[in-house]
K.L.:
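Mind having a look at this structure? Questions to follow.
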Amino acid sequence: MPSLSWCRYFILASSFGALLICMVFFALAPVYGAPLSYDQSYIAIKQIAPIFIGYVGQAAYYVTRQNGTTGKDKLKEGGFIYILSVGPFLVFTVIMVAIIFAFTVSNNIDSPPDTGMSFARLTDWISILLGLFSASVSVITAWLFGNGESK
């Protein structure tokens with residue numbers, strides 16, 4: 001039977017992984033000929049992303065709440081601070097590269113007119129990525145630079 005700490009870590013790592021896989025797939029699928037438009041891909045991501053972002057946000061809340069457990073205890077418990085600090089940046093970087101690639105390829109000179117990702121859709125994707133930050137990094141940053149453990 002896995003420990004509670006292992007289960008928490010698994011949910012957090014899986015949430016980042018699922019978000020990464022889904023967003024990269026839906027960002028690139030239209031470029032590679034999947035029967036999806038960018039609008040359809042975005043609709044799918046609008047349905048999928050909030051679930052996993054919510055799990056990440058809950059993990060950030062768990063790590064930073066003050067109810068008798070110190071930050072040092074939580075650092076020992078599965079490396080949550082590390083994954084919540086590094087994970088969003090890794091996910092953001094990989095997905096942003098995929099989105100920029102999709103935007104560029106779908107709008108190159110050889111692409112059929114009106115089939116590429118629009119600027120409005122590009123900014124929608126970026127908004128979802130920024131939601132990931134607001135759900136995790138802002139909470140962790142406030143804790144680390146506010147009342148978090150100093151040593």
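Only a predicted model underlies this, so the values are computations on that prediction, with no experimental measurement involved.
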K.L.:
Apply the side chain to side chain contact (heavy atoms under 4.5 Å, CB included) test between Met96 and each candidate in Ile100, Val94, Thr93; give the one that qualifies.
P.N.:
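Checked Ile100, Val94, Thr93 against Met96; only one passes side chain to side chain contact (heavy atoms under 4.5 Å, CB included): Ile100.
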K.L.:
Could you tell me the separation between the CZ atom of Phe25 and the CD1 atom of Ile48, rounded to the nearest 0.5 Å?
P.N.:
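Spacing of CZ (Phe25) from CD1 (Ile48) equals 9.5 Å.
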K.L.:
Check whether Gln47 reaches the backbone of Ala44 with its side chain - one donor and one acceptor, N or O, closer than 3.5 Å.
P.N.:
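Here the side-chain-to-backbone pair does not exist.
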K.L.:
In Å, rounded to the nearest 0.5 Å, how long is the span from CG of Leu122 to CE of Met117?
P.N.:
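If I round to the nearest 0.5 Å, the distance is 6.0 Å.
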K.L.:
Let me check something: do Leu129 and Ile21 share a hydrophobic cluster, defined by ILVMFWY side-chain heavy atoms less than 4.5 Å apart, either directly or through other members?
P.N.:
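Looking at the clustering, Ile21 is in a separate group from Leu129.
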K.L.:
Less than 4.5 Å apart, any side-chain heavy atom of Thr104 and any of Asn108?
P.N.:
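No; the side chains remain at least 4.5 Å from each other.
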K.L.:
Can you tell me how the ring of Trp125 sits relative to the ring of Tyr42, calling it parallel under 30°, perpendicular over 60° and tilted otherwise?
P.N.:
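Taking Tyr42 first and then Trp125, their aromatic rings sit tilted (interplane angle of 30° to 60°).
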K.L.:
Is there side-chain contact between Leu20 and Phe16, with heavy atoms separated by less than 4.5 Å?
P.N.:
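Not touching, per the 4.5 Å side-chain cut-off.
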K.L.:
Shared ILVMFWY cluster between Ile83 and Trp6, side chains joined below 4.5 angstrom?
P.N.:
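No, Ile83 and Trp6 fall in different hydrophobic clusters.
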K.L.:
Is there a continuous path of hydrophobic side-chain contacts, each under 4.5 Å between heavy atoms, that joins Ile45 to Phe101?
P.N.:
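Yes; Phe101 is reachable from Ile45 via cluster members.
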K.L.:
Would you give the length of the straight line joining atom CG of Leu36 to atom CZ of Phe26, rounded to the nearest 0.5 angstrom?
P.N.:
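So the CG of Leu36 and the CZ of Phe26 are separated by 6.5 Å.
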K.L.:
Once the angle between the rings of Tyr55 and Phe52 is folded into 0 to 90°, is it parallel (under 30°), tilted (30 to 60°) or perpendicular (over 60°)?
P.N.:
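Because their plane-to-plane angle is over 60°, the rings of Tyr55 and Phe52 count as perpendicular.
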K.L.:
Just by distance, do the side chain of Ser106 and the backbone of Gly116 share a donor-acceptor pair under 3.5 Å?
P.N.:
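Judged by distance alone, no pair lies under 3.5 Å.
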K.L.:
Could you see if Val91 belongs to whatever hydrophobic cluster contains Ile51? Use Ile, Leu, Val, Met, Phe, Trp, Tyr and a side-chain cutoff under 4.5 Å.
P.N.:
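Yes, same cluster.
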K.L.:
Could you check if a side-chain atom of Ile11 sits within less than 4.5 angstrom of a side-chain atom of Arg8, using non-hydrogen atoms only?
P.N.:
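No. Closest side-chain heavy atoms not under 4.5 Å.
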K.L.:
If you compare all heavy atoms of Ile128 against all heavy atoms of Ile53, which two are closest, and at what distance to 0.1 Å?
P.N.:
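Heavy atoms of Ile128 and Ile53 come nearest at O-CD1, 3.8 Å.
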K.L.:
Any link between Phe119 and Val31 through a network of hydrophobic side chains (Ile, Leu, Val, Met, Phe, Trp, Tyr) touching at under 4.5 Å?
P.N.:
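Same cluster.
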K.L.:
If you round to the nearest 0.5 Å, how far is OG of Ser118 from CG of Asp39?
P.N.:
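Reported value, rounded in 0.5 Å steps: 6.5 Å.
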K.L.:
To the nearest 0.5 Å, tell me how far Met23 CE sits from Ile99 CD1.
P.N.:
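The CE atom of Met23 sits 5.0 Å away from the CD1 atom of Ile99.
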K.L.:
Taking C-beta and beyond as the side chain, do Leu28 and Val105 meet within less than 4.5 Å on heavy atoms?
P.N.:
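Side-chain contact under 4.5 Å: no.
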K.L.:
Looking at Tyr38 and Ala27, what are the two nearest heavy atoms and their distance?
P.N.:
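Smallest interatomic distance, heavy atoms only, reads CE2-O, 3.5 Å.
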K.L.:
Look up atom CD1 in Ile43 and atom OG in Ser37, then write down how far apart they are to the nearest 0.5 Å.
P.N.:
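Between Ile43 CD1 and Ser37 OG, I get 7.0 Å after rounding to 0.5 Å.
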